[in-house]
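Heads up, the thing below is written out as structure tokens.
Chain identifiers are assigned alphabetically (A, B, ...) following the order of the sequence lines, protein sequences preceding nucleic acid strands; residue numbering begins at 1 within each chain. Here the structure is a predicted model, which is why all the values come from computation and not from measurement.
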Amino acid sequence: MSEEKSLNFIEDIIEEDIKNGKYKSIVTRFPPEPNGYLHIGHAKAICLNFGLTKKYPGYTNLRFDDTNPVTEETEYVDSIKADIKWLGFEWKNERYTSDYFEQLYQLAVKLIEKGLAYVDDSTPDEIAEGKGTPTKAGIATPFRERSIEENLRLFKEMRDGKYKDGEKVLRAKVDMANPNMQMRDPLLYRIKHAHHHRTEDTWCIYPMYDFAHGQSDSIENITHSICTLEFVPHRPLYDWLIEKLEIFPSHQYEFARLNLTYTVMSKRKLLQLVNEKIVSGWDDPRMPTISAFRRRGYTPESIRNFCERVGVQKRENLIDLSLLEFFIREDLNKKALRRMAVLDPVKLVLTNYPEGKTEEMETENNPEDINASHRTIPFSRELWIEKEDFMEEPPKKFFRLGPGRAVRLKSAYIIQCTGFKKDDAGNIIEIQAEYLPESKSGHDNSGLKVKGTIHWLSIPHAKTAEIKLYNRLFKIEDPANAEGDFKKYINPDSLQVIPHAFIEPSLSTAKVGEYFQFIRKGYFCLDKDSSTDKLVFNRTVTLKDTWAKEKDK
RNA sequence: UGCCCGGUGGUGUAACGGUAGCACAACAGAUUUUGAUUCUGUUUGCCCAAGUUCGAAUCUUGGCCGGGCAACCA
């Protein structure tokens, strides 16, 4: 039975709007500022805005909110477009708020003509002072009563470059005593003699968010303008401007932004991590950016499923990283090709296996995918296995190798441990075992049942690679809201590099964008910084590890 | 202390006046040539109080708690 999927509150509103004939189709937009890379929180907004117009008739625009030339760059524009496409969405129109600078200017003139905006010569401090506090009404500046003619002239002069940065601003004339701080004559335009990434040096005045965002929504006939909760107090101003300007009545709706445990989600903080070289860049796989998740081996499907699961609502939330990990494991379990790799090797010698002999062992590429077929892996007398798969004095519940114990070598033979060697420091440097010829995988007549199966690599055939293991970037769940500088909570062990791990021969042709599961070790992908003579693999996520928990008991 | 928003298991999210459900996490067991996957089961919740009603997570009122708002940022 197909159960009714419940609607989120925005879908409720849209269904109502369509039902009562307010709209036949809808228009949404995703409005990033090109001043940083997109992160997983943006992915939620992208899935919401684009998802809505997949579900209901209509389309979604991509609009770069580029009203602050000093922080915005073309590099960010390009990364944002790449990330949205990778997530699997298509915008109808690619727009820039800067496309509307002339129209916006004319709207400002219209507001002045209506006596609803004025040029203020006050300093930033004086303006802040005049705004009052949340509990104390603001005080009007003397410039508030300038004539329309004078305001028109001064605003034109601002545009013409007659004034220096900060000398004058244009403000809306609303209500200095309004209990909503946003309504106390908000700034509309400021002077910035700065080079803009698109309009270059055409303008020296730039609209503020409040006089750009809503007006751009109207220009594009956005029916449902969806943003995050911090803009709720701006909505009365958004509506006031639409009313006074007599433009298309877009409506703003707000939802709670996504927060994830063990990371930070503000562009300012992420930029700090990049600038201070705490991470290698915006796409360092430890970052919560979309490009980092891509590089780390996350799939677009897993991120979309995650965004779908976390839902859309108005309450603050802090989502468990384990939920994201669940979705990537779920997706990769179906897709990833199984391969063998030994990260922390110790030598295993099969004393009764002929020297110089090699066999090709057949094994499945993905037991979850019947179309994934099989491959072969070379097997010989001397093998690499993981150090952690052998214990000198194993406890009862340890199902791996120990003196006298037997295990299955995955897709090969059952072996029984007959001895081991240590170096002077007491480290185990070699393990000896005998194999059971009649136990070969697929032709097993041994009648033996063993509890454990381990992975292995033939020493003469194995290739090497660098492997990078990532852990959470922060030591605590909510670094953004913890006391003091968030950087003091950075996890010093968030990156572990294994310079010389062993990988099976077939992995030497791995390509960026392919997904692998290194059996028993986790999901991995080839890093973009790999070269033909040096392969680098990133661990996307570990496998669930029940033994790790058991071990700790 | 002005205005605004919000409170459902550990974390998220449903319920639209009628049995509090789902996912993740946790725990227990079965299966397993990946201690993975899969399967089965278990634990844990409506912020409080009063009111309306045959019946309240849902409606009303009053509390309590959390968050936001005073950038020439968005």
Side-chain angles (χ1 to χ4, degrees), chain A residues 3 5-8 12 31-33 35 65 67-68 70-71 120 123-124 127-138 165-171 178-184 187-192 205-206 208-210 212-213 227-236 254 256 261 267-268 309-327 329-330 333-334 338 340 363-364 367-368 397-400 407-412 414 439 441-442 444 449-455 477 517-522 542-551:
Chain A
E3 70 228 53
K5 261 217 79 206
S6 57
L7 305 176
N8 64 50
D12 277 337
E33 184 188 10
N35 67 346
D65 223 338
T67 59
N68 186 4
V70 300
T71 58
D120 190 350
T123 65
I127 290 176
E129 181 70 29
K131 288 227 177 178
T133 69
T135 51
K136 203 180 88 208
D165 287 10
E167 240 180 286
K168 287 182 165 41
V169 290
L170 184 73
R171 297 178 71 177
N178 198 296
N180 179 351
M181 296 289 296
Q182 306 302 328
M183 298 297 270
R184 321 244 261 230
L187 274 61
L188 267 24
Y189 267 90
R190 77 290 217 192
I191 300 168
K192 272 184 198 279
I205 56 170
Y206 293 92
M208 300 284 292
Y209 170 85
D210 284 311
H213 198 99
C227 64
T228 42
L229 250 28
E230 66 268 29
F231 295 102
V232 170
H234 294 243
R235 180 155 28 92
E254 312 86 8
T261 55
K267 275 199 264 185
R268 205 196 95 251
R309 235 310 150 200
V310 300
V312 178
Q313 71 310 105
K314 296 183 83 143
R315 39 192 124 98
E316 300 289 343
N317 56 80
L318 178 60
I319 289 158
D320 242 299
L321 182 61
S322 61
L323 185 64
L324 217 209
E325 292 182 339
F326 165 79
F327 282 107
R329 287 190 184 111
E330 177 190 59
N333 179 47
K334 294 179 293 192
R338 309 298 127 119
M340 294 218 234
T363 187
E364 63 275 289
E368 304 292 322
K397 282 185 166 175
F398 187 79
F399 303 148
R400 308 173 190 179
V407 292
R408 158 81 60 185
L409 293 175
K410 170 76 181 168
S411 299
I414 292 174
S439 68
S441 191
D444 187 349
K449 277 277 177 202
V450 288
K451 195 82 174 142
T453 300
I454 64 174
H455 60 282
E477 284 200 333
Q517 183 199 100
F518 293 175
I519 290 205
R520 303 207 305 139
K521 297 270 73 174
T542 61
L543 257 29
K544 266 178 69 179
D545 191 350
T546 347
W547 167 244
K549 284 181 202 161
E550 185 66 33
K551 202 168 47 175

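In this structure, A:Lys192 reaches the sugar-phosphate backbone alone: every heavy-atom distance under 4.0 Å involves primed, P, OP1 or OP2 atoms, never a base. A:His234 comes within 4.0 angstrom of a nucleotide base, judged by non-hydrogen atoms across all strands. Using a 4.0 Å heavy-atom distance criterion, A:Tyr206 is classed as making no nucleic acid contact. At a threshold of 4.0 angstrom between heavy atoms, the contacts of A:Phe518 with the nucleic acid are absent. No contact: A:Thr71 has no heavy atom under 4.0 Å from any strand. Residue-level contact check: A:Asp12 touches the bases, meaning some heavy atom is under 4.0 Å from a base atom. Within the 4.0 angstrom heavy-atom criterion, base atoms lie near A:Val169. Counting any heavy atom pair closer than 4.0 Å across all strands shown, A:Lys549 reaches sugar-phosphate atoms only and no base atom. A:Gly442 comes within contact range of at least one nucleobase, with a heavy-atom separation under 4.0 Å. At a threshold of 4.0 angstrom between heavy atoms, the contacts of A:Arg338 include nucleobase atoms, whether or not backbone atoms are also involved. At the heavy-atom level, A:Asn317 lies under 4.0 Å from the strands shown only through sugar-phosphate atoms. Across all strands shown, A:Phe326 has heavy atoms under 4.0 Å from sugar-phosphate atoms exclusively, and none from any base. Counting non-hydrogen atoms under 4.0 angstrom, A:Pro367 reaches a base of the nucleic acid. Base engagement by A:Thr133 is indicated by at least one non-hydrogen atom pair under 4.0 Å involving a base atom.
Between the P atom of B:rA70 and the CD atom of A:Glu129 lies a distance of 16 Å, rounded to the nearest Å. When rounded to the nearest whole Å, the span between CG of A:Leu7 and P of B:rA15 equals 8 Å. Rounded to an integer number of Å, the gap from A:Leu324 CG to B:rA25 C1' is 14 Å.
The shortest distance between side-chain heavy atoms of A:Arg171 and A:Leu187 falls below 4.5 Å.
Annotation: B:rC72 and B:rG6 have their C1' atoms spaced 32 Å apart (nearest Å). Spacing between B:rC64 and B:rA49 at atom C1', rounded to whole Å, works out to 10 Å. With both ends at atom C1', the span from B:rG41 to B:rC4 equals 46 Å, rounded to whole Å. Nucleotides B:rC65 and B:rG17 are separated by 27 Å at their C1' atoms, to the nearest Å.
Base pairing of B:rU53: no nucleotide in any strand meets the Watson-Crick or G-U wobble criterion (both distances under 3.5 Å). Remark: B:rC73 base-pairs with no nucleotide in the shown strands. Criterion, Watson-Crick or G-U wobble with two distances under 3.5 Å.
Here A:Arg315 does not reach the OP1 or OP2 of B:rC5: none of its side-chain N or O atoms lies under 4.0 Å away. Taking 4.0 angstrom as the limit, A:Lys451 places none of its side-chain polar atoms (N or O) nearer than this to OP1 or OP2 of B:rU32. Neither OP1 nor OP2 of B:rU32 sits under 4.0 Å from any side-chain N or O of A:Thr453. Remark: A:Lys410 is not in phosphate contact with B:rA36, judged by side-chain N or O atoms under 4.0 Å from OP1 or OP2. Contact check, A:Gln182 against B:rC69: no side-chain N or O comes under 4.0 Å of OP1 or OP2. Here A:Arg235 does not reach the OP1 or OP2 of B:rG68: none of its side-chain N or O atoms lies under 4.0 Å away. Of the side-chain N and O atoms in A:Arg329, none sit less than 4.0 angstrom from OP1 or OP2 of B:rC24.
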